[in-house]
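We count residues from 1, following the sequence as given.
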Amino acid sequence: MEEIIGLGLFLTKNKDFLERTYPWAIDPYKDFSTEGFSLAVFEELIICILISFIMKVTGNIIVSYIWVGAFFAFSNI
């Protein structure tokens with residue numbers, strides 16, 4: 001949670017330094033908003049909880065493969 005809150009503050013506070021030193025690194029965060037980032041994290045959390053719940057209730061092995069696939073997809077490995 002601290003990363004969600006702190007990233008926006010860090011970008012605001014250090015914008016000039018980042019633009020001078022690492023202009024390629026600041027470009028992806030031009031339209032960054034804490035609310036949007038929080039919503040994206042919440043959406044991924046709900047999907048993981050839903051898949052985990054379905055797997056627990058049904059005990060279906062196919063659902064476990066879906067869960068593992070979603071886990072790897074969301075973890076950016």
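Every residue two or more places apart in sequence or in another chain was checked for a ring-ring contact (aromatic ring centres under 6.0 Å, His included) with Phe53, and none qualifies.
Ile54 and Ile46 fall into different hydrophobic clusters, defined by Ile, Leu, Val, Met, Phe, Trp and Tyr side-chain heavy atoms under 4.5 Å apart, directly or through other members. By the rule that hydrophobic residues join a cluster once side-chain heavy atoms approach within less than 4.5 Å of another member, Phe10 and Tyr22 end up as members of one cluster. Val41 and Leu11 fall within the same hydrophobic cluster, where Ile, Leu, Val, Met, Phe, Trp and Tyr residues are linked whenever their side-chain heavy atoms come under 4.5 Å apart, directly or through other members.
Separation of atoms CG (Asn14) and CZ (Arg20) is listed at 10.0 Å; rounding is to 0.5 Å. Considering CZ of Phe42 and CD1 of Ile49, their distance stands at 8.0 Å, rounded to 0.5 Å. Rounding to the nearest 0.5 Å places OG of Ser33 at 9.0 Å from CG of Leu39.
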